[in-house]
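Letters A, B, ... mirror the listed sequences (proteins, then strands); counts begin at 1. Heavy atoms only: backbone and side chains are in, while hydrogens, waters and symmetry mates are out.
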Number of protein chains: 2
Amino acid sequence: MAEVGFARFSAREVAKRIGYSIGTIYNVFGSLDRLVLAVNSRTFVAWAALVRARLDAAGADRVAALVDAYFDFAEANPNVWMAIYDHRLPPNAPFPEDYFRQRAELTGLVEAEIAAILPPAQADGAAALARSLVAMVHGHCLFALNGTFALLGETDARGAALARAREILGSQH
Amino acid sequence: MAEVGFARFSAREVAKRIGYSIGTIYNVFGSLDRLVLAVNSRTFVAWAALVRARLDAAGADRVAALVDAYFDFAEANPNVWMAIYDHRLPPNAPFPEDYFRQRAELTGLVEAEIAAILPPAQADGAAALARSLVAMVHGHCLFALNGTFALLGETDARGAALARAREILGSQH
DNA sequence: ATAAAAATTGGACAGCGCTCATTTTCCATC
DNA sequence: GATGGAAAATGAGCGCTGTCCAATTTTTAT
């Protein structure tokens, strides 16, 4: 996945590279969808580890640490990062339990930071604000990686995302 | 594309439906990539038309009109809207000229509105701020359509995007 | 009617996700 | 060791895909 990206990822190629047959892949994972979900679950684990490390090493500016961790992980691992969002489950297919858990753990890190920043009066809105901030940063990171910003002449996606985050957080009072 | 979405879109099926052979599709478009780009170019035209119509009918709250137009188009045409972002050109492949033009026209509409809202002292940053706001709204809209927000318990993506837009614009002075 | 140009065809190729009857490997028991 | 049942692994086969291109048909101008 890291080498070829989601569009060219194939179960047959995986089988070839690990020295098993295509049939074994399907015995283990059941479908290409679940194989991709397994890959993406591992991506969330690695991503959360990076975020945690950055937060542990961060000084006072924890918002910048979060934004940087988001961008750094995506830029260092563009194919596996984009695979998370390129992959779509068939309608009504549930996410595997451990996929959900790994993903929730990552967003939980952000939520905790936002809750710590917010004035106590707004504490009950921390989860919603955290989701919204993640969506905002994600939009910037996605446009940086998929060429949209390049097409529009934007060169500082990270700086823009951080500026927006500060403006938004500065408005919560 | 509107029926089956990007993942199941196929040149052979297009050929079958319009009563031509697969060979003719390739004579006209050259590759599946360019066929998809042609579809996406048309999507930008339709999207820009909706945005224009909403702005023409809008009252004083033009920011809400823009956010609503973004979400309404995406929600009314999820498959063609997502195809814009699901499709990735091979590295170094240039975008066709008319694809670029249609896309620039749409972002130009946003840019003009932001320039009109901004205090004159910040007028030179209008283009960058417009790109950033589009990325922010896009992140919210994407998470609404791809199930991320549902997974995290968020139900009001549109309201969150509009709230963030107001906070950001209110901070420009 | 004829010839040149343009448009269209569809078989062929390599690769894909997926299934499942068959084979191989493993391991506890004798 | 030998044996037999359970577990793991296989890969041919199916219908689908994007892509190419020699052959054919249709259109147009003379």
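Remark: Y70(B) engages W47(B) in a ring pair (Phe, Tyr, Trp, His ring centres under 6.0 Å) (not counting sequence neighbours). For D86(A), the side chain to side chain donor-acceptor pair (under 3.5 Å) criterion is met by R88(B), not counting sequence neighbours. Annotation: side chain to side chain donor-acceptor pair (under 3.5 Å) contacts of N79(B) (sequence neighbours excluded): none. With sequence neighbours excluded, the residues that form a salt bridge (Lys or Arg N to Asp or Glu O under 4.0 Å) with R101(A) are E97(A).
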Original post:
Dot-bracket for DNA chain D, 5' to 3', counting Watson-Crick or G-U wobble pairs under 3.5 Å, with [ ] for crossing pairs and | for inter-strand pairs?
Top reply: ||||||||||||||||||||||||||||||
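Taking 4.0 Å as the cutoff to heavy atoms of chain B, we find the contact window on DNA chain C bounded by dT8(C) to dA12(C).
Counting only residues at least two apart or in different chains, side chain to side chain donor-acceptor pair (under 3.5 Å) contacts with residues 4-16 of chain A comprise E13(A)-R17(A). Pairs passing the side chain to side chain donor-acceptor pair (under 3.5 Å) check and including a residue from residues 119-134 of chain B, sequence neighbours excluded, read H140(A)-S132(B), E154(A)-R131(B), R164(A)-S132(B). Here side chain to side chain donor-acceptor pair (under 3.5 Å) pairs that include residues 112-121 of chain A, with residues two or more places apart or in two chains, are R62(A)-E113(A). Within the structure, the ring-ring contact (aromatic ring centres under 6.0 Å, His included) test picks out no pair touching residues 9-36 of chain B (sequence neighbours left out).
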Can you give each donor-acceptor pair under 3.5 Å made by side-chain atoms of residues 50-59 of chain A, sequence neighbours left out, with the distance rounded to 0.1 Å?
unit_1 : atom_1 : unit_2  : atom_2 : d
R52(A) : NH2    : E105(A) : OE2    : 2.7
R54(A) : NH1    : D72(A)  : OD2    : 2.9
R54(A) : NH2    : D72(A)  : OD2    : 3.0

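Using bins of under 30°, 30° to 60° and over 60° for the plane-to-plane angle, the ring pair F143(B)/H138(A) lands in the tilted bin.
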**OP:** Could you run through nucleotides 14-27 of chain D and give me one letter per nucleotide, 5' to 3': B if any protein heavy atom sits under 4.0 Å from the base, S if only the sugar-phosphate is that close, - if neither?
**Re:** ---BBB--------
